[in-house]
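Computed from a predicted model, the values in this text were never measured in an experiment. We're numbering straight along the sequence, starting at 1.
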Amino acid sequence: MNQPPVVEWTEADEPRSARWRSENGAPPPRRIVIADDRTKADDAYKLACEGTALLWRGDFHNARQLLTALARRIDRRPRKAPPADVTQAFHVHRAAQNHRARILGMLLVPLDATLAVPLHRAPDVREACVRAYGPGEPAAAEAAGGTEGPAPTASLVSLRELLALIGANEWRKKGVEIPALGGDRIHPHYGVFSPARGEYVDLVAEAPLPHDELAFDIGTGTGVLASVLARRGVRRVVATDQDPRALACARENTERLGVAGQVEVIEADLFPAGRAPLIVCNPPWVPAKPTSPVEHAVYDPGNRMLHGFLSGLPDHLTPDGEGWLILSDLAEHLGLRPHAELLDAFAKAGLTVLGRLDITPRHPRARDTSDPLHVARAAEVTSLWRLGLTDLGASDHR
């Protein structure tokens with residue numbers, strides 16, 4: 001991991017410094033003031049809006065209450081009606097999300113050298129922090145600026161991020177039940193997209209297998225699709241990813257599910273070496289810029305992974321094989337990717353559509369009429385496109 005940048009502030013008339021931790025890549029705050037149980041929510045909100053971060057030195061539970069109070073102040077601001085144009089509405093919605101995250105990210109808490117929170121009534125967050133950041137470093141205490149107070153500060157993190165780490169760690173321990181795996185659970189690591197929305201998993205579980213000797217799972221993430229293929233009887237699955245967290249997560253899940261003997265998890269940018277009669281890929285569905293690690297599984301600037309998979313598929317697919325592209329059409333309903341662009345990408349890659357399986361979303365947001373993107377979400381369909389090489393021919397399922 002790269003060394004976190006250093007953040008500086010003044011406390012008790014002494015210069016202090018510590019490492020800055022931000023998984024979404026937010027830069028260190030330029031100005032930090034000390035806040036505690038006496039800090040009023042209105043004052044904190046004003047400072048946060050001005051770009052001043054608040055380093056909390058009071059009771060941990062009161063910090064959580066202040067974060068909730070800040071969120072209420074953001075959410076009660078008068079909202080304009082969403083633009084009639086759905087694409088513009090998407091960009092406005094994303095901008096509002098980013099603004100909210102920036103303001104809430106201004107409330108900071110300290111971590112000591114062991115990645116514990118040295119605040120009154122703070123929970124033990126060391127396991128969650130170690131799983132996200134790696135082990136603490138005792139030597140970091142010496143690098144931290146001041147030694148006055150109850151404990152030295154080795155690093156700072158936004159309370160919002162810390163709570164996300166705690167929640168992700170609970171999901172990792174609890175796991176996500178996967179009906180396609182007979183109710184067995186997938187345990188997502190922090191920063192690895194959780195298969196909580198399982199429609200795409202069901203598609204892979206139901207599509208007719210063209211062969212059962214070998215499959216590639218491109219961008220495996222938690223390893224859920226590779227595990228489904230192995231449970232369906234595919235004798236060998238090569239699962240690829242570039243993210244070290246995803247690779248560790250997939251290996252742990254395949255081991256837990258008893259399919260590690262069938263699934264080989266390797267680091268690769270898209271394809272492994274060789275050819276396979278079945279190649280599966282569930283790329284990010286929306287061509288937009290991600291703002292946090294987990295969003296890389298949802299947002300793909302310029303459709304990089306989608307086009308990389310399609311253009312590379314003919315060089316890795318056996319002549320009679322199938323490439324399974326699992327893709328939502330939400331981007332089409334948002335005006336971010338025309339349907340014709342997808343079909344053109346198939347043709348340019350020398351691929352033909354052998355068939356298509358569709359499924360509608362089951363998640364609550366598809367029925368939430370207050371969502372500014374409700375019209376697009378309600379119309380969404382997730383498809384498994386069965387692709388073959390054009391020179392072997394098949395009808396075009398548009």
Hey, are the side chains of [X] and [Y] touching, using non-hydrogen atoms and a 4.5 Å cut-off?
X	Y	value
Pro28	Val6	no
Asp358	Thr382	no
Asp344	Glu341	no
Leu181	Ser227	yes
Trp9	Val33	no
Val117	Leu111	yes
Pro284	Arg304	no

Of the non-hydrogen atoms in Val228 and Ala180, which two are nearest, and what is the gap between them?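 In this case the closest contact between Val228 and Ala180 is CG2-CB, 4.3 Å.
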Using 0.5 Å steps for rounding, measure from the [atom1] atom of [X] to the [atom2] atom of [Y].
X	Y	atom1	atom2	answer
Leu334	His91	CG	NE2	9.0 Å
Cys249	Arg131	SG	CZ	10.5 Å
Thr352	Leu389	OG1	CG	9.5 Å
Cys281	Phe216	SG	CZ	13.0 Å
Leu278	Leu209	CG	CG	6.5 Å
Leu119	Asn62	CG	CG	10.5 Å

Short side-chain to backbone donor-acceptor contact, [X] and [Y], under 3.5 Å:
X	Y	answer
Asp217	Val238	no
Thr254	Ala250	yes
His316	Gly274	yes
Glu332	Pro338	no
Glu267	Leu247	no
His187	Arg172	yes
Asp85	Gln88	yes
Trp20	Ala26	yes
Ser383	Arg356	no

Report yes if the distance between the aromatic ring centroids of Phe346 and Trp385 is under 6.0 Å, otherwise no.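 Yes, close enough.
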A quick test of your reading: do over 12 heavy atoms of other residues, nucleotides or ligands sit less than 6.0 Å from [atom1] of [X]?
X	atom1	value
Arg121	CZ	yes
Arg102	CZ	yes
Lys174	NZ	no
Arg251	CZ	yes
Glu206	CD	yes

Before you tell me yes or no, could you show the steps for Asp75 and Arg100 under salt bridge (charged side-chain N to carboxylate O under 4.0 Å, His left out), namely the whole-Å CA-CA distance, both residues' side-chain angles and the distance that decides it to 0.1 Å? CA-CA 9 Å; Asp75 296 340; Arg100 191 177 195 274; 3.0 Å; yes
Determine whether [X] and [Y] fall in the same hydrophobic cluster, where Ile, Leu, Val, Met, Phe, Trp and Tyr are linked whenever their side-chain heavy atoms lie under 4.5 Å apart.
X	Y	answer
Val381	Tyr200	no
Val176	Leu203	yes
Val92	Val86	no

Go through the side-chain N and O atoms of [X] and [Y] and say whether any donor and acceptor fall under 3.5 Å apart.
X	Y	answer
Trp285	Asn282	yes
Arg19	Thr153	no
Ser155	Arg21	yes
Ser328	Glu380	yes
Glu127	Asn169	yes

Any chance you could lay out the side-chain contact (heavy atoms from CB on, under 4.5 Å) test for Met106 and Ser158, step after step, and finish with the verdict? CA-CA 6 Å; Met106 289 293 176; Ser158 79; over 6 Å; no
Parallel, tilted or perpendicular: which describes the rings of Phe271 and Phe309, with under 30° parallel and over 60° perpendicular?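 Because their plane-to-plane angle is under 30°, the rings of Phe271 and Phe309 count as parallel.
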Where do Arg31 and Thr52 land on the side-chain hydrogen bond (donor to acceptor under 3.5 Å, both in side chains) test, with the steps shown first? CA-CA 5 Å; Arg31 182 167 183 266; Thr52 298; 3.1 Å; yes
Applying side-chain contact (heavy atoms from CB on, under 4.5 Å), run through Leu159 and Trp56 and close with a yes or a no. CA-CA 9 Å; Leu159 176 58; Trp56 190 259; over 6 Å; no
I'd like to know if [X] and [Y] make a salt bridge, using a cut-off of under 4.0 Å between side-chain N and carboxylate O.
X	Y	value
Asp184	Arg231	yes
Asp42	Arg73	yes
Asp243	Arg245	no
Asp112	Arg126	no

Salt bridge (charged side-chain N to carboxylate O under 4.0 Å, His left out) evaluation trace for Glu8 with Arg30: CA-CA 8 Å; Glu8 299 177 342; Arg30 295 183 178 181; over 6 Å; no
His339/His333 under side-chain contact (heavy atoms from CB on, under 4.5 Å): CA gap, chis, key distance, verdict: CA-CA 9 Å; His339 184 64; His333 297 294; over 6 Å; no
Begin from the C-alpha positions of Thr220 and Asp241 and carry the test side-chain hydrogen bond (donor to acceptor under 3.5 Å, both in side chains) through to its verdict. CA-CA 6 Å; Thr220 192; Asp241 213 296; over 6 Å; no
From the options Ile279, Leu342, Leu313, select the one residue that forms a side chain to side chain contact (heavy atoms under 4.5 Å, CB included) with Leu325.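 Looking at Ile279, Leu342, Leu313, the match for Leu325 under the side chain to side chain contact (heavy atoms under 4.5 Å, CB included) is Leu342.
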Looking at Leu327, Leu330, Asp329, Val286, which hits side chain to side chain contact (heavy atoms under 4.5 Å, CB included) with Arg337?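 The side chain to side chain contact (heavy atoms under 4.5 Å, CB included) with Arg337 is passed solely by Leu327 among Leu327, Leu330, Asp329, Val286.
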Please evaluate residues Glu199 and Arg197 with respect to the criterion salt bridge (charged side-chain N to carboxylate O under 4.0 Å, His left out), reporting the C-alpha separation (whole Å), side-chain torsions for both, the decisive distance (0.1 Å), and the verdict. CA-CA 6 Å; Glu199 299 98 310; Arg197 177 177 167 178; 3.3 Å; yes
Apply side-chain contact (heavy atoms from CB on, under 4.5 Å) to the pair Leu387 and Trp324, showing each step before the final yes or no. CA-CA 6 Å; Leu387 304 172; Trp324 289 359; over 6 Å; no
